[in-house]
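Notes follow the structure.
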Amino acid sequence: MLFQDLCQLVNADAPYWLVGMTEMTRTFGLELLESVLNDFPEVFLQHQEFSFLPNIKFRQGSSSSASSPAPVEKPYFPICMRLLRVVSVLIKHFYSLLVTECEIFLSLLVKFLDGEKPQWLRAVAVESVHRLCVQPHLLQSFCQSYDMKQHSTKVFRDIVNALGSFIQSLFILPSAGNASGQGGPGAAGAGAGLTTQAAFEYRGTWIPLMNVSVQGSAKYESASVTCVCGVAVFCSCVDAVCVFAVANEVWEEMVNACWCGLLAALSLLLDASTDETATESILKAELSVASLCGRLSLVTPRDAFITAICKASLPPHYALTVLSNAANLSNKGTRAVHFFKALHEPMAVQFHCLTAKNIQCMRTLLNLAHCHGAYLGTSWQLVLATLQHLVWILGLKPAVGGVLKPGRAVEGPSTVLTTAVMTDLPVISNILSRLFESSQYLDDVSLHHLINALCSLSMEAMEMAYGNNKEPSLFAVAKLLETGLVNMDRIEILWRPLTAHLLEVCQHPNARMREWGAEAITSLIKAGLSFKHEPPLSQNQRLQLLLLNPLKELSNVLHTDIRQKQLECVLQILQNQGDSLGPGWPLVLGVIGAIRNDQGESLIRTAFQCLQLVVTDFLPTMPCMCLQIVVDVAGSFGLQNQELNISLTSIGLLWNISDYFFQRGEAITEELEREEAVLLKQAQDKGEPLNRPFHPAPPFDCLWLCLYAKLGELCVDPRPAVRKSAGQTMFSTIAAHGTLLQPPTWNIVVWKVLFHLLDCVRKSSTTADKEKIESGGGNILIHHSRDTAEKQWAETWVLTLAGVARIFNTRRYLLQQLGDFFKAWEVLLDHIQSAALSKNNEVSLAALKSFQEILQLVTPMKDTDKLDVLAAMDVPPVLMESLQGSGPGRPLVRSDSLAERLVQRYGAQSSLPPPGEELDDSALWWSAWNTWYRIGTECTRPPSGGKDKLVFVPSQPFLTALIQIFPALYQHIAGGFSMEDLKKLGVILHGAVSVPISSDSSPFILPSYMEAVLTSLQEAVLTALDVLQKAICVGLENLQVMYPAIFEQLLLFVEFSCKPPQYGKMETKHVANAKYNQVSLCPAEWVALNYVPFAERSLEVLVDLYHKTACHKAVINEKVLQNIIKTLKIPLGLKYACPAESTWKLAVSSLLKVLSIGLPVARQQASSGKFDTMWPELANAFEDFLFTKSTPPDNRSIQEFQRNEAIDVEVVQLISTEILPFANFIPKEFVGRIMSMLNKGSIHSQSSSFTEAEMDIRMREEFSKVCFETLLQFSFSNKVSTPQEGYISRMALSVLLQRAQDVLRRYVNDERLSGRCPLPRQQVTEIIFVLKAISTLMDSLKKTQPENVDGNVWVQVIALYPTLVECITCSSPEVSSALKDALGPFKDFMQPPVSKVQNGES
């Protein structure tokens, strides 16, 4: 009744219950109604009978407010104000009863907010709206009752939009409008620069903030009062929207309805606010709406509000430039534009002032990201882009771990920072760090949004950094690092996108950006490996490989600084987690081994440090399947060409690795076999063959083969030092550890490693450049023996061939078990042959040494037995030493532990030959013989080219080594050595000694002219023949048919003394004449050897051999003696014309020795006729020597002449002792020629050039005397048994006596006619010789039996006496002395001889 009466009184009607009250002021009545409705709403809500009263009142209030004519301004305002308050209370408490009525009133209320309405009315309307907006359930009801209905008025949206329009209108009033709204800065705000009054200021409009009591009765005419009311209403509306919890569809409808209006108004207010508190409220409102939109997944409104906050965080003009298009793009649901472009685009404003309000907004933005990051989604990019710009403006720089620290940028926008801002920098830095630290609390999806946003931001920074020298933005990269570090417990979720982007950053051309990309990714990898994961990395192979994979991917980056960071990271990983890498070793080793020659020395050196650490400390800890990778990596460091020392050291590491294999062989084998079984099963399940190098060899053997193959690659490196070191290491490794290989694996070693290496080295050597290399780099000088690539490759060829040959020696028993050992042997011999025939002396000589080595050390005989055999053959000790040499490189003797190791490892005792049995290897030796013959044939074949053609002549050391091989080779093939083989040998020996030497090297090879010594080659040739003939001597009888061939070869050598061999058509200078041709206009390029000592030694050997073999049938049948005589006839006939005097003297003495042995044999075989052709040759030899056509040199001394005459006498004495006494066994023709020679010798005249003092000596008186005596001896000898012999004697005496008679008579006549003039010296010499011959004849007659002297001889002798008497008158004392000697013997013949008794009468 009271409420109804109050309504009556307000409407100026009579009350029903309050009888007596006739009127009440309307304002008072409305206030009483407001109080009743506000204080006692339960009365109307709980009692249905009263529920109609508010409805009646609401209608009355609506009609009154709508129909107020307002003729007078004063009463209208109080009533409207109070009436609207009453209506607000009705809506607030009784909305559920007045739904339809409220729609009408709310629509009317919205109209009151139009700009056309009076200011006070708009203010009152704002106050009413404020009363409604502080009731969240009312706003929900509005939305549900009106906005969510299909055909209903969008009341809630209209309210918000109206409020937004109202606020915007306050700042765009025309200047002619309300003076209070425009006059602030000029009137109340005249001292704005000095006052701190809070206000809103926007584009010249200044609206101060004042505390106004909304309940006052004053009329709202001031814009400031209106603005305060508007801000309060708006903030209340936002709070109501964000606080009340309703269904999601209601939320979404409310947000979609209000966000545009809210954003427009709040952005304007935030922009215009100069008060920190007001700004904080506005920012809180925007943060709440953004968070709510995020929760509801409303992307467009969320991005719009976040963009507003971001815009407010940046300096005004800076923000306009950066975010000019952000709102449009965000509203469309797409990501923000490239914010980073603003950093490098020209700015309209030169300086950017970062205000406290910007910092306040940035704090709100950080708070939004920190507290509501889970709902930001794709808006992270907006937030992060803004933070990036703020970081750039503030000059924060990334430090260790991605934390940002204060530090001004070198380049960037010019920024003015206030003192307050500068003071807050450390705090801001900490807030930024805490923001990304808090990412650990984000769910996985939100974390991915954050990572994607950072990656996108980083991509924009990368794009702007292309071709730009300015400092790039590192914010995104640093925060990616920080985010990754704090989320290490779930690193798998973000690892792939995170590292994929950082890898792209590492490839950026900007060095600074690249550096931080590498820093981020390496720091993450190190942190990931050191983090204590559950389960641990040792039990989570997949995670470990995931963490290490980016490290491997860095190897594809070409920039050196990135690779340096990568390798430094690897080094730290090895030092910290090396023991626990486990399955990650292949990736780590792959990183270490990913070196290229275009990378610098520093990079390679760092990588090599890692490898050294691995080999030194971690081989036992890594899986054995990784050992092959270690070998490959070490080999790759050997092959790099940037640092020679690293290459050499890496080869040393390979040796260390091989030692590790050897020491841990059993453990490695077991583990590899287990892994092999697993891999084999997997391959079988897939139906594929096992893909493994050198399969199907055992896995441990494959490991060795990989090591050998890698060393083989290094053996053909372009650098000689690397080749040498690798070669020595490989062959030493095979020698030291080859016993670990199973026998079938050796097949691969031989064919795929050793022979492949030999092929490559041979090819490289034959094609190497011959151009001279001036220096070895720097100031290092190169020796002339290594100053070309060809010479350097020659050294490699030598080392390789020697190493392979040594392996064939030390592993012969093992290799011979292989099925194709003979084929391998043939290939080895082929390599030896090609090397031996190389034009490089070093290679060829080394090839022969290798040949020599395989012949000596490969024999099944023990070394002691071998030496015994050689000693039995009288091989010189010097040669035995050379044959026992192990060739180039270190000597490797067969290890005693070979059998033990084989038995221990494989139980293969049967691989060694049983005691007492030798392997059947005759085919090997005959193959070696054929190779030796081919080498000898090729190298001794004379050149066929003309004089101008460049020819190659083998060196003396090479030929010497070649010939020295034969004795060692012969001991293996002696059993089947045939006459044909001997002839082949003879060709090689003859060709070898025929080869001349270079005139440049002759002083070092040839002895001086006065030294009659042999060269090493000549010694070797004679030794070869000596070994052969001695082997024949102790061998079977069927071998003795070879004696004549040996004699033939020796006789060829003997001929060299007088007829030096010609080497093709080459012009040579003979050393025998060198003393006469020391200065020559055209000296010969080649010098022939001094063959005289060689021929003389050959002759001595021949004589000695004939002494042993004269009685052999083959020697007799092949007429060896005749051949000897025929050959010796050459120097005997030349005599003084021989190149050396010693030659004919040795020939004479040798002939005498041979005849003393051979003549008895010839007499014994006289009846067989095998020596018939020998006698004429012997007669010719005697005659050519005794009556030589050559004249002795003029400077010959008397003593030398006497010694030479004594040699002639020896020949005659041989005739008298060995030939004439056996004339009945000798052909008559030969005896006749001998007698003729004796006769000739007995009457031989002297040379006409003799002086008087030398005459007696130069007439060969002793020789003549011996000839005469021999002639007389056999003329009057009792042993004359044939008429032929007596006839020869009588004829010789008759001729001798008649010639003497003629000379004496002519002298007597000439003496008488000359008067006092002396006769010519020649005639005097002749008469003296005749007188001495008569004296000799008389002495011989006295010694001869009278019955053996023919009567005619006595008649002729006595007839000489008168003529001798006539010579007494000569005037020459020499003639008188000789006459005296001739007349003396006649005294013994002055009495007649005893008469003979005939027929009994005297």
Side-chain angles (χ1 to χ4, degrees), residues 979 1029-1030 1032-1051 1054 1099-1129 1132 1147-1186 1210-1238 1270-1271 1273-1274 1277-1286 1288:
M979 182 63 71
Q1029 61 98 358
K1030 289 175 179 175
I1032 296 173
C1033 181
V1034 299
L1036 299 176
E1037 187 174 354
N1038 58 356
L1039 294 178
Q1040 296 176 0
V1041 296
M1042 298 183 184
Y1043 276 134
I1046 296 178
F1047 279 111
E1048 181 181 356
Q1049 193 64 51
L1050 289 171
L1051 289 174
V1054 172
L1099 184 54
E1100 293 173 356
V1101 173
L1102 182 142
V1103 172
D1104 182 62
L1105 179 60
Y1106 188 76
H1107 178 73
K1108 299 176 182 178
T1109 62
C1111 297
H1112 284 99
K1113 293 180 180 180
V1115 176
I1116 296 173
N1117 295 334
E1118 296 298 327
K1119 303 180 180 181
V1120 171
L1121 182 58
Q1122 175 183 341
N1123 295 332
I1124 294 175
I1125 295 171
K1126 185 177 181 180
T1127 301
L1128 291 179
K1129 185 179 71 171
L1132 293 177
V1148 171
S1149 63
S1150 300
L1151 179 63
L1152 296 179
K1153 292 179 183 178
V1154 169
L1155 290 176
S1156 63
I1157 302 167
L1159 287 177
V1161 177
R1163 292 195 297 268
Q1164 292 177 5
Q1165 300 290 333
S1167 60
S1168 66
K1170 295 178 180 178
F1171 289 90
D1172 291 347
T1173 56
M1174 178 205 72
W1175 299 110
E1177 292 288 347
L1178 182 59
N1180 293 335
F1182 283 154
E1183 186 172 4
D1184 291 345
F1185 175 71
L1186 294 175
E1210 287 183 19
V1211 175
V1212 177
Q1213 288 176 347
L1214 173 76
I1215 293 173
S1216 65
T1217 57
E1218 295 294 336
I1219 296 177
L1220 293 180
F1222 308 100
N1224 54 333
F1225 300 104
I1226 299 172
K1228 296 178 181 179
E1229 294 79 4
F1230 175 73
V1231 175
R1233 292 190 62 181
I1234 292 297
M1235 297 305 291
S1236 299
M1237 281 185 281
L1238 291 175
T1270 303
L1271 189 61
Q1273 176 185 353
F1274 286 95
S1277 174
N1278 294 326
K1279 298 180 181 179
V1280 175
S1281 57
T1282 62
Q1284 182 65 22
E1285 292 179 10
I1288 292 174

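Keep in mind that the numbers below use all heavy atoms, side chains included, and drop hydrogens, waters and symmetry copies.
Taking 4.5 Å as the limit, some side-chain heavy atom of Thr1173 sits within range of a side-chain heavy atom of Lys1119. Using a 4.5 Å heavy-atom cutoff, the side chains of Phe1230 and Ile1219 are in contact. The closest side-chain heavy-atom distance from Lys1153 to His1107 is not below 4.5 Å. At least one side-chain heavy atom of Asn1180 sits less than 4.5 Å from a side-chain heavy atom of Arg1233. You'll find the side chain of Leu1152 reaches within 4.5 Å of the side chain of Glu1210, heavy atoms only. For the pair Leu1128/Phe1185, no side-chain contact is recorded, criterion being any heavy-atom separation below 4.5 Å from C-beta on. Here the side chains of Tyr1106 and Val1115 are in contact, with some heavy-atom distance below 4.5 Å. Counting only heavy atoms from C-beta outward, the side chains of Leu1105 and Tyr1043 approach each other to under 4.5 Å.
Atom CD of Glu1183 is separated from atom CG of Leu1178 by 11.5 Å, given to the nearest 0.5 angstrom. With rounding to the nearest 0.5 angstrom, the CG atom of Leu1121 is 12.0 Å from the CD atom of Gln1165. For the atom pair CD of Gln1122 and CG of Asp1172, the computed distance is 10.0 Å after rounding to the nearest 0.5 Å. Interatomic distance, Leu1238 CG to Phe1182 CZ, rounded to the nearest 0.5 Å: 10.0 Å. Distance check: Ser1216 OG to Glu1218 CD gives 9.0 Å after rounding to the nearest 0.5 Å. With rounding to the nearest 0.5 angstrom, the CD atom of Gln1029 is 8.5 Å from the CZ atom of Phe1047.
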For this session: Begin with the C-alpha distance, continue with both residues' side-chain angles, and end with the deciding distance and a verdict on side-chain contact (heavy atoms from CB on, under 4.5 Å) for Ile1125 and Leu1155.
Result: CA-CA 9 Å; Ile1125 295 171; Leu1155 290 176; 4.0 Å; yes
For this session: Mind running side-chain contact (heavy atoms from CB on, under 4.5 Å) on Ile1226 and Val1231 for me, showing each step along the way?
Result: CA-CA 7 Å; Ile1226 299 172; Val1231 175; 4.0 Å; yes
Exercise. Are Asn1117 and Lys1170 close enough, and set up right, to give a side-chain hydrogen bond (donor to acceptor under 3.5 Å, both in side chains), and what steps lead you there?
Worked result: CA-CA 7 Å; Asn1117 295 334; Lys1170 295 178 180 178; 2.7 Å; yes
Problem set entry | Verdict with supporting geometry, Asn1123 and Glu1177, side-chain contact (heavy atoms from CB on, under 4.5 Å) | CA-CA 9 Å; Asn1123 295 332; Glu1177 292 288 347; over 6 Å; no
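For Ala1114 against Pro1044, the heavy-atom pair with the smallest separation is O-CG, 3.5 Å. Closest approach of Ile1157 and Ala1110 over heavy atoms only: CG2-CB, 3.6 Å. Of all the heavy atoms in Trp1175 and Phe1171, the pair that sits closest is CD1-O, 3.2 Å.
A distance-only check finds no donor-acceptor pair linking the side chain of Asp1104 to the backbone of Glu1100 [under 3.5 Å]. Side chain of Ser1150 to backbone of Ala1147: no donor-acceptor contact under 3.5 angstrom is found.
No more than 12 heavy atoms of other residues, nucleotides or ligands shown are found within 6.0 angstrom of CZ on Phe1225.
Partner of Leu1050 under the side-chain contact (heavy atoms from CB on, under 4.5 Å) criterion, out of Leu1102, Thr1127, Leu1099, Ile1124: Leu1102 alone.
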